[in-house]
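Just so you know, these numbers come straight off a predicted model, no measurement behind them. Counting from 1, the numbers follow the sequence of the chain as shown.
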Amino acid sequence: MKNKSILNLQSEQKVGVVLMVAERVFSVISKGDERYPAGREALDKCWLWVESHTVTGDELYELIDNADYTGISEFAEEEEDLGIARLWSLLVDAVAYTSWKAYKMYPKHWKVSVQIVSMSF
C-alpha cells in the first residue's frame, strides 16, 4: 500500500486539510460574536486561494495583522477566555499557513517595503 502521508499531498491539498481542522474549531464561535464575520472572511479567503489562487499572500496576511489593528490576531491577544484565545490562535495559524503557501507559489509578488533612514550625528 502506498504511503498516504500529508507530506505527499499537493500544496492546495495540505492547505485544505489545515482549513478543515480550522473550520471545525471555528464552529465553536457563535455567529452572534462581533468577531465572527472577520474569522469567517479569513477562512473564506483561504478557501478561495485553494480553489483559484485569486487571493494573494499579502491579502491573506492582512487578515491576520494590519495597520488598523483589526486582524484576527488581535482577537487572540485580547481574549480573556484561554480556550477561545487558543481557538483564535489556531485560526491565525491556518491563515498564516495559507498565506505562506501563497507566497511560496508567487515569490516575486512579495510585498517588500524598504525604508532608508538617514542619520546625522
Side-chain angles (χ1 to χ4, degrees):
M1 186 170 166
K2 224 176 179 180
N3 183 356
K4 295 190 179 192
S5 166
I6 191 170
L7 300 175
N8 296 328
L9 298 176
Q10 294 177 355
S11 286
E12 295 83 0
Q13 293 169 325
K14 289 177 185 176
V15 171
V17 170
V18 168
L19 293 177
M20 285 190 290
V21 172
E23 288 281 1
R24 179 73 176 136
V25 172
F26 186 67
S27 70
V28 172
I29 296 291
S30 166
K31 290 182 179 180
D33 186 317
E34 66 184 26
R35 304 167 296 184
Y36 181 90
R40 182 73 262 155
E41 177 188 13
L43 284 170
D44 290 346
K45 286 201 175 182
C46 288
W47 282 115
L48 187 59
W49 180 83
V50 169
E51 294 168 0
S52 63
H53 298 172
T54 56
V55 181
T56 68
D58 285 337
E59 290 171 313
L60 292 169
Y61 186 79
E62 286 284 322
L63 299 168
I64 297 170
D65 186 31
N66 58 52
D68 298 328
Y69 301 104
T70 58
I72 59 174
S73 64
E74 297 295 322
F75 306 152
E77 292 175 21
E78 295 170 356
E79 179 59 52
E80 292 180 14
D81 180 326
L82 185 57
I84 300 296
R86 287 179 178 155
L87 181 152
W88 285 109
S89 291
L90 182 134
L91 190 61
V92 167
D93 290 345
V95 177
Y97 181 72
T98 309
S99 178
W100 174 65
K101 287 294 189 178
Y103 281 128
K104 282 184 69 173
M105 184 165 282
Y106 301 107
K108 293 178 184 175
H109 295 133
W110 290 16
K111 185 193 311 180
V112 179
S113 60
V114 177
Q115 277 189 329
I116 299 176
V117 178
S118 166
M119 297 177 73
S120 301
F121 293 99

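- Minimum heavy-atom separation, Thr54 to Ser52: OG1-OG, 2.9 Å.
- Closest non-hydrogen pair, Leu91 versus Ala22, comes out as CD1-CB, 4.4 Å.
- To the nearest 0.5 Å, atom SG of residue Cys46 and atom CD of residue Glu51 are 11.5 Å apart.
- Applying the side chain to side chain donor-acceptor pair (under 3.5 Å) criterion to Glu23, with sequence neighbours excluded, gives Arg40, Trp47.
- Summarising the geometry of Trp49 relative to Val15, their closest heavy-atom pair is CZ3-CG2, 3.8 Å, with the distance given to 0.1 Å.
- Between the side chains of Tyr61 and Asn66, no donor-acceptor pair is found at a separation under 3.5 Å.
- Of all heavy-atom pairs between Pro37 and Asp33, the closest is CD-O, 3.7 Å.
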Handout entry: Worked verdict on Val18 versus Lys101 for side-chain contact (heavy atoms from CB on, under 4.5 Å)
Key = CA-CA 12 Å; Val18 168; Lys101 287 294 189 178; over 6 Å; no
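- Formation of a donor-acceptor pair under 3.5 Å by the Ser99 side chain with backbone atoms of Val95 is not found in this model.
- Interatomic distance, Glu62 CD to Leu60 CG, rounded to the nearest 0.5 Å: 10.5 Å.
- Taking the six-membered ring where the residue is Trp, the centroids of Trp100 and Tyr97 are separated by under 6.0 Å.
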When the side chains of residues 24-32 are checked against the rest of the protein, which donor-acceptor pairs come out under 3.5 Å, sequence neighbours left out?
| unit_1 | atom_1 | unit_2 | atom_2 | d |
| --- | --- | --- | --- | --- |
| Ser27 | OG | Arg24 | O | 2.6 |
| Ser30 | OG | Gly32 | N | 3.0 |

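- With values rounded to the nearest 0.5 angstrom, Tyr69 atom OH is found 10.5 Å from Glu77 atom CD.
- Annotation for Thr56 and Glu59: closest pair N-OE1, 2.7 Å, computed over non-hydrogen atoms.
- Summarising the geometry, atom OG1 belonging to Thr98 is positioned 11.0 Å from atom CD belonging to Glu12; distances are rounded to the nearest 0.5 Å.
- The two residues Gly16 and Val50 make their nearest non-hydrogen contact at N-CG2, 4.4 Å.
- Residues Leu63 and Ile72 form no side-chain contact, since every pair of their non-hydrogen atoms from C-beta on lies 4.5 Å or further apart.
- We find the OG1-CG distance between Thr70 and Asp65 to be 9.0 Å, quoted to the nearest 0.5 Å.
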